Amino acid sequence: MEKKYGNFTIIVKEDYDNASAVAADVITKFVKTNPAGVLGLATGSTPEGTYSKLAEANHAGKVDFSNITTFNLDEYHPISKTNDQSYDYFMRQKLFNHININPSNVHLPNGEADPHAECVAYEAKIEDAGGICLQLLGIGANGHIGFNEPDTHFPKKTHYCALDKSTIIANSRFFESADDVPKNALTMGIGTIFNAKEILLVVTGEGKADIIDKALFGKIDPQVPASILQLHPKVTLVMDKAAAAKISPKL
Ligand code: F6R
């Protein structure tokens with residue numbers, strides 16, 4: 001199913017694999033038309049399928065990343081790049097080691113740097129690159145995008161933040177225990193994300209059905225950070241049927 005809802009193009013596919021294929025197609029098309037474009041990337045379970053399909057397309061010679069620049073949304077702090085739980089490590093394992101991207105065009109916030117100086121420097125690097133053209137996003141079960149957690153306001157720029165308790169618990173699945181999850185992170189702000197010309201939001205699994213319903217049909221509220229996307233001029237929302245269960249009847 002593909003439908004327009006406001007500025008959203010909503011695509012619902014049968015399952016995770018098919019949703020990942022659509023997300024990879026959106027990125028592939030973008031790279032073909034903007035071979036020197038700036039891509040914003042995300043970590044987490046959701047984009048893994050998208051990344052493996054992009055790697056396949058690159059191996060098959062269908063897409064060329066050699067002139068693409070990337071900026072990831074976020075990184076834990078403090079964490080070293082060699083830590084296998086760092087987002088730097090994740091991105092190399094899941095995508096960068098498998099595509100023909102130039103490593104000097106790849107950017108993630110540095111989890112080892114002074115956090116405040118790093119946020120200013122990261123935001124400046126994005127600006128210097130001309131801003132993000134296409135930003136890939138997942139959504140947390142609490143509505144976060146990047147690590148912009150539910151709050152009383154929408155943070156504008158890249159900033160140093162504390163992770164929500166629910167995020168620490170959700171992300172503990174990758175660590176030995178919740179105690180091992182870093183308590184802080186560096187993240188693009190809502191303003192940084194919102195400035196992307198186009199957003200590709202991928203939402204899969206029944207655990208996300210309630211929050212995507214709230215984000216799309218609820219009020220625009222910093223307690224549901226993704227709700228700000230209702231105001232963005234160009235969002236492609238790709239879901240599997242399980243994630244779309246609550247919103248499908250409303251479309
Ligand atoms: C990751 C990120 C997060 C995730 C979100 C969903 O870089 O910024 O906002 O997109 O936590 O994570 P998964 O996909 O693991 O459910």
Side-chain angles (χ1 to χ4, degrees), residues 16-17 19-20 23-24 27 39-52 70-77 79 81 83 85-96 106-111 119 122 126 132 134-151 154-155 158-175 178 181-194 196 199-212 214-215 222 224-229 235-240 242-244:
Y16 176 79
D17 198 51
S20 301
I27 295 174
L39 263 180
L41 297 176
T43 57
S45 304
T46 311
E48 285 194 36
T50 305
Y51 291 157
S52 77
T70 66
F71 286 92
N72 262 78
L73 283 166
D74 44 19
E75 177 60 284
Y76 292 119
H77 193 284
I79 202 158
K81 291 178 200 296
N83 185 317
Q85 293 308 331
S86 73
Y87 285 173
D88 203 290
Y89 188 93
F90 174 100
M91 288 306 299
R92 280 179 278 128
Q93 294 300 311
K94 304 292 179 188
L95 184 65
F96 299 144
V106 159
H107 307 276
L108 284 100
N110 181 352
C119 290
Y122 198 66
I126 295 172
I132 290 162
L134 175 65
Q135 176 67 55
L136 173 64
L137 292 179
I139 186 173
N142 65 358
H144 74 205
I145 48 177
F147 275 133
N148 293 280
E149 302 286 26
D151 206 335
F154 291 110
T158 302
H159 59 284
Y160 178 53
C161 61
L163 301 190
D164 208 66
K165 258 196 193 142
S166 66
T167 301
I168 292 171
I169 292 164
N171 290 7
S172 66
R173 68 191 192 277
F174 301 114
F175 292 80
V181 183
K183 308 291 175 281
N184 294 89
L186 310 171
T187 181
M188 283 186 199
I190 291 288
T192 326
I193 294 169
F194 200 83
I199 303 276
L200 170 60
L201 173 60
V202 184
V203 186
T204 56
E206 60 182 347
K208 300 284 174 67
D210 277 324
I211 195 65
I212 193 61
K214 262 196 190 169
V224 182
S227 63
I228 194 78
L229 298 176
V235 183
T236 304
L237 168 58
V238 179
M239 287 180 287
D240 62 3

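Fair warning: this is a prediction, and the values are worked out from it, not measured in the lab. Counting convention: from 1, in listed order, for ligands and their atoms alike. Note: hydrogens, waters and symmetry copies are ignored here, and every other heavy atom, side chains too, is used.
- Counting atoms of ligand 1 from 1 in the listed order, those under 4.0 Å from a heavy atom of Gly44 are 14 (O), 15 (O).
- At the shortest separation from atom 1 (C) of ligand 1 among protein heavy atoms lies Thr43 OG1, 3.1 Å.
- Heavy atoms from other residues, nucleotides or ligands lying under 6.0 Å from CD of Glu206 number 12 at most.
- Contact annotation: for Thr46 versus ligand 1, heavy atoms closer than 4.0 Å belong to both the backbone and the side chain.
- Annotation: atom 16 (O) of ligand 1 to nearest protein heavy atom, Lys208 NZ, 2.7 Å.
- The shortest non-hydrogen separation linking Asn110 to Leu186 is O-CD1, 3.3 Å.
- The shortest separation from a heavy atom of Arg173 to ligand 1 is under 4.0 Å, placing the residue in contact.
- If you look at Met188 next to ligand 1, there are no close heavy atoms at all, none under 4.0 Å.
- Atom NZ of Lys81 has more than 12 heavy atoms from other residues, nucleotides or ligands within 6.0 Å.
- Ion pair Lys214/Asp210 not flagged as a salt bridge, since none of the NZ, NE, NH1 or NH2 atoms sits closer than 4.0 Å to an Asp/Glu carboxylate oxygen.
- Under the 3.5 Å distance criterion, with hydrogens and angles disregarded, no donor-acceptor pair is assigned to the side chains of Asn83 and Tyr76.
- Taking each of Asp74, Asn148, Leu73 in turn, the one with a heavy atom nearest to atom 7 (O) of ligand 1 proves to be Asp74.
- Tyr16 contributes a side-chain N or O that, together with a main-chain N or O of Gly49, makes up a donor-acceptor pair within less than 3.5 Å.
- Expressed to the nearest 0.5 Å, how far NE2 of His144 lies from CG of Asp74 amounts to 8.0 Å.
- Across the listed options Gly138, Gly140, Gly146, Gly146 owns the non-hydrogen atom lying nearest to atom 9 (O) of ligand 1.
- Here Ile139 has backbone heavy atoms under 4.0 Å from ligand 1, and that is the only part of it that gets that close.
- Residue His144 approaches ligand 1 through these ligand atoms, each under 4.0 Å from one of its heavy atoms: 3 (C), 5 (C), 9 (O), 11 (O).
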